[in-house]
Amino acid sequence: MLETDVLHAATAAILEEKIRSRRARVGIVGLGYVGLPLAVEFARAGFTVTGIDICEEKIRRVNAGDSYVGDIPSSTLAPLVESGKLRATSDFSAVLELDTINICVPTPLRKTKDPDMSYIVSSCQEIARHFHAGMLVILESTTYPGTTDELVLPMLAKGGLQVGRDFFLCFSPERVDPGNPRYQTANIPKVVGGSTAACTEIGRLFYSQALETVVPVSSTQVAEMVKLLENTFRMINIGLANEMALMCGRIGVDVWEVIDAAATKPFGFMPFYPGPGLGGHCIPIDPFYLSWKTKQAGIEARFIELAGYINGQMPHFVMEKVQDALNDAGKPVKGSRILVMGVSYKRNIDDMRESPALDVMLLLQRRGGVVSYCDPHVPALNLEGLHLESAPLESAAAADCVVIVTDHKAFDYKLLVEKAPLIVDTRNALKGVVSAKIVRL
Ligand SMILES: NC(=O)c1ccc[n+]([C@@H]2O[C@H](COP(=O)([O-])OP(=O)(O)OC[C@H]3O[C@@H](n4cnc5c(N)ncnc54)[C@H](O)[C@@H]3O)[C@@H](O)[C@H]2O)c1
């Protein structure tokens with residue numbers, strides 16, 4: 001064995017030993033819905049964790065033990081901060097002291113549906129300024145296949161360090177499902193793929209300290225593609241359910257009953273449900289990373305484009321349902337008071353990103369509807385410059401029409417049916433309730 005080979009083997013062995021003994025100093029860049037739960041999980045596993053974020057308010061709150069992520073109670077965060085296991089900073093020079101870094105920054109789409117890599121690039125530039133041999137870096141932000149090796153790797157290797165020998169690089173898709181009490185960061189299996197086999201092995205070892213199940217794959221590209229397959233699968237199947245709803249609506253069949261009956265088939269079918277449109281930071285966005293990438297390789301992602309179109313039409317469809325329901329009640333949308341129940345993009349959480357509720361509200365408002373909303377998770381919002389505050393559920397009595405857009409558990413549906421004169425239910429939240437005032441999607 002050459003002397004340099006011995007040195008490089010030692011680099012991996014030292015890092016592995018630090019990880020096994022939990023002496024590795026863990027860094028999480030980006031303390032949002034993904035990063036904060038991950039930081040908490042590693043701190044709980046006994047590591048000393050430093051969170052790095054550019055948002056001073058989040059840093060202040062983390063250091064005060066005050067959680068802003070629904071799935072992490074402050075009662076879980078605060079003891080970790082008090083015991084010195086977890087702290088947050090905006091100072092990237094903290095990287096000098098770290099052994100591992102997970103990058104969990106946003107990856108939005110530009111208006112043109114091109115990937116916006118600026119957060120990954122800017123965080124990696126900062127990391128690179130303080131980067132040193134012996135580190136493990138794992139990108140977790142959802143992105144197009146090739147990002148880790150083509151974009152991140154050159155930035156880290158610029159100082160002459162070689163991946164797989166001097167440092168280790170992986171991609172691991174984040175699968176967190178905010179608001180899901182059954183599956184959280186610790187018990188969702190974690191896929192990880194490295195730039196080299198040594199990278200994958202160290203990535204696997206790292207996650208297995210804090211998470212229940214780790215699934216190693218052969219490359220960063222496979223790991224990147226796994227996430228895109230999962231979310232494209234969901235997006236296309238929701239698109240199919242939405243198209244079913246449009247078709248069933250036209251021919252007068254109850255789509256919900258159809259899906260429930262089909263779901264009794266014990267094999268070969270998995271139910272997806274229609275709704276007011278896609279929301280959140282993942283399902284409406286991630287498949288377009290894939291279509292952008294494959295377009296460069298000369299392949300049009302036709303399923304993705306089609307499902308994107310159908311899902312994008314759903315807020316219009318809901319608006320038309322409301323319009324028809326009001327017309328049938330002898331009231332035009334113009335001047336009617338419309339109460340939207342639930343504005344976050346999915347039930348029981350406060351995340352408003354890409355929420356179809358905003359589209360539904362805007363469409364109704366542009367047609368002259370007087371729109372208000374009720375959402376215990378979202379105290380206030382801005383609708384094209386109009387500041388709205390969440391109204392109490394009782395205000396349904398004064399509305400001409402109530403539209404259930406997001407079916408939060410906290411809503412008293414019995415009371416709602418009692419109070420509201422007319423309800424358009426886009427989520428089948430009133431399943432089983434028989435009333436002439438309910439119009440279903
Ligand atoms: N939220 C989800 O349910 C979910 C699920 C799976 C995957 N993801 C993916 O995980 C990634 C992160 O998503 P999120 O929901 O946690 O986003 P988020 O917006 O909640 O959090 C991102 C954090 O990164 C910080 N940040 C931005 N630029 C930074 C920089 N240059 N340096 C340091 N910090 C920076 C922001 O201030 C913010 O706190 C995205 O790629 C997303 O697609 C999200």
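Remember, it's 1-based here, ligands and their atoms both numbered in the order they're listed.
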statement: In short, Phe269 meets Ile259 closest at the heavy-atom pair CE2-O, 4.3 Å

query: Which atoms of ligand 1 sit under 4.0 Å from any heavy atom of Ser122?
result: 31 (N)

field: Flag if over 12 foreign heavy atoms under 6.0 Å of CZ, Arg234
entry: no

query: Does an N or O anywhere in Glu140 fall below 3.5 Å from an N or O of ligand 1?
result: no

query: Quick one: are Phe171 and Thr143 in side-chain contact, heavy atoms under 4.5 Å?
result: yes

field: Atom indices of ligand 1 within 4.0 angstrom of Gly32 heavy atoms, with elements
entry: 16 (O), 18 (P), 20 (O), 21 (O), 23 (C), 39 (O)

message: Out of all atoms in ligand 1, which are within 4.0 Å of some heavy atom of Pro178? Include the element for each.
response: 3 (O)

query: Is a side-chain N or O of Arg44 found less than 3.5 angstrom from the main chain of Thr76, in a donor-acceptor match?
result: no

- request: State whether the shortest distance between N or O atoms of Cys55 and N or O atoms of ligand 1 falls below 3.5 angstrom.
  value: no

Atoms of ligand 1, numbered as shown, that sit under 4.0 Å from any heavy atom of Lys58: 38 (C), 39 (O)

Polar proximity ligand 1 side, Tyr345 side, N/O cut 3.5 Å exclusive: no

query: Can Glu17 and Arg23 be counted as an ion pair, charged N to O under 4.0 angstrom?
result: yes

- prompt: Polar-atom distance check: Arg353 versus ligand 1, any N or O pair below 3.5 Å?
  reply: yes

message: Is the shortest side-chain heavy-atom distance between Phe411 and Pro376 below 4.5 Å?
response: yes

- prompt: Has the side chain of His387 got a donor or acceptor atom that lies under 3.5 Å from a matching backbone atom of Asn382?
  reply: no

message: Which residue and atom name correspond to the protein heavy atom nearest atom 16 (O) of ligand 1, and how close is it?
response: Val34 N, 2.9 Å

field: Test of proximity, Lys227 against ligand 1: N or O pairs below 3.5 Å
entry: no

query: Within a strict 4.5 Å, meaning less than it, do heavy atoms of the Ile127 and Phe92 side chains meet?
result: yes

field: Beyond-backbone contact of His130 with Met135, side-chain heavy atoms, under 4.5 angstrom
entry: no

task: Please confirm whether Tyr33 comes within less than 3.5 Å of ligand 1 when only nitrogen or oxygen atoms on both sides are compared.
output: yes

message: Is there a polar contact between ligand 1 and Arg175, counting only N or O atoms under 3.5 Å apart?
response: no

Those atoms of ligand 1 less than 4.0 Å from some heavy atom in Pro106: 19 (O), 22 (C), 24 (O), 27 (C)

